[in-house]
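Predicted, not measured: the structure shown is a model, and the values here were computed from it.
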There are 2 protein chains.
Amino acid sequence: MDEFKKFLKSIVPISDKEFADTILYFTELNLEKRDYFLKQDIVCRHIAFIVKGTLRAYYINDKAEETTACFCTENNLTTSYKSFILQQPSTLFLQAIEDTQLLVIDYENLQNLYSKSTVWQTIGRAFAEREYIVMEQYASVLNNETAREKYLRLLKEQPNVLQKANVEDIASYLGVTRRTLSRIRKEISK
Amino acid sequence: MDEFKKFLKSIVPISDKEFADTILYFTELNLEKRDYFLKQDIVCRHIAFIVKGTLRAYYINDKAEETTACFCTENNLTTSYKSFILQQPSTLFLQAIEDTQLLVIDYENLQNLYSKSTVWQTIGRAFAEREYIVMEQYASVLNNETAREKYLRLLKEQPNVLQKANVEDIASYLGVTRRTLSRIRKEISK
DNA sequence: GGCTCGAAAGGACAAATGTCCTCAATGCTT
DNA sequence: AAGCATTGAGGACATTTGTCCTTTCGAGCC
């Protein structure tokens, strides 16, 4: 809970009072390994703060290939933001790759908060802008980094993910086949 | 001007009166071919609506390689949104690839509009959310489409760009070398 | 212990892409 | 018009990555 407060404050200045008012709108949710927080074609009705655990966000494209978009780790938010904003069916799957504990708010409650005050409008915009920046960063990585560089970044920034996720998932995150991941690992171990 | 009104209305419901109030904050700017609207390391202080013309948004990464992020075409906005939001130096270049006419608003004026009313807060959030979705779409394309598919999409959605941009720029947009673009074109022409 | 199963590593060859280069076409300058 | 620079197409070969397959290792089970 403390971590969540810290996280919110990092997005936008918020008083303890405002945080206390906010937290009332959130509920706890526990997922077991392999449980889904969201599936493709379902409208995403929630945004969640990850208290503990890891989720994998992935697409399945029209050639039935799986692409891992990201691994969502502790003390971050997870949602299919696009599906949530538009209240349209999600293209993303969000699956726990280990037992996971979440703090969840649903669409109606967030809209309520937005309509309550200018402060909440500001938080909403700051949040959208923040999500934009995360996504731009992601696109920049996709554009500029090789699979090898992405692997090294993962090793540096989310080393636990390399333990928790399987080879298939990591390879699809890097945008290469398992065979190439195997070659990358061999190269790096030298 | 009419096109700009149509564009704004497509983002968020806005009355003619509100539009009239808004447009006062915008100024006209003309660029010649090869002029820069923004350069790397400069803080982006403007958002612009493209009345006429085309801009190329590109990065130069630490290996001195150029990557074209997108081609910004008529009746769309252009900015380095990240740099604009954070008021930090831009990683993007925005260069006109033909003579271009813009409607520009600067950071202070937009903040003024935001602080004026809840309506403007809502517009600000809606705009950030919209930018997010565009960026997510872009990331999804990067993840799921081959260079050949991206070329076909460009051909379908922005065919003029293929006339206006040179081979180098298009190849860097597709994420391949000129040689591969040449092969793609040959393949498609059959 | 021996067995089976699933996951990861890696061998062999094919396909795709990059590098380096040449050539042809076009437009600009003098 | 001739000369020059810029741009795009594509040949030849090297490198990278993918496909398909076999092998190895370890966990769980009888």
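Atom-to-atom, NZ of B/K33 to P of D/dT6 comes out at 14 Å; the value is rounded to the nearest Å. Rounded to whole Å, atom P of C/dG18 lies 14 Å from atom NZ of B/K63. C/dC23 atom C1' lies 14 Å from atom CZ of B/R178, rounded to whole Å. The CD-C1' distance, from B/Q163 to C/dT26, rounds to 16 Å in whole Å. Protein atom CG of A/D169 is 17 Å distant from nucleotide atom P of C/dG6, rounded to whole Å. What separates CD1 of B/I170 from C1' of D/dA9 is a distance of 14 Å, to the nearest Å. One interatomic measurement links the two molecules: CD1 of B/I184 to P of D/dG10, which rounds to 13 Å at whole-angstrom precision. Between A/K186 atom NZ and D/dT17 atom P there is a gap of 15 Å when expressed in whole angstrom units.
By the 6.0 Å and 45° rule, B/R185 does not stack over the aromatic ring of B/Y151. Judged by the 6.0 Å and 45° rule, B/R56 forms no cation-pi pair with B/F93.
Distance from the side chain of B/T180 is smallest to C/dG18 among D/dA9, C/dA8, C/dG18. Nearest nucleotide to the side chain of B/T177, out of D/dG18, D/dG8, C/dG18: C/dG18. Checked against D/dG18, D/dT7, C/dG11, the side chain of A/V176 finds its nearest nucleotide in D/dG18. Comparing C/dA12, C/dA9, C/dG18 by their nearest atom to the side chain of A/R179 picks out C/dA12.
B/S182 comes within 4.0 angstrom of a base, heavy atoms only.
Under the 6.0 Å cut-off for aromatic ring centres, A/Y173 and A/Y58 do not qualify, their centroids lying 6.0 Å or more apart.
Taking 3.5 Å as the limit, the base of D/dG18 and the side chain of A/R183 contain a donor-acceptor pair of atoms between them.
Ring geometry for B/Y81 versus A/Y132: interplanar angle over 60°, hence perpendicular rather than tilted (30 to 60°). Between A/F4 and A/F26, the ring planes lie perpendicular to each other; the angle is over 60°, past the 30° to 60° tilted range.
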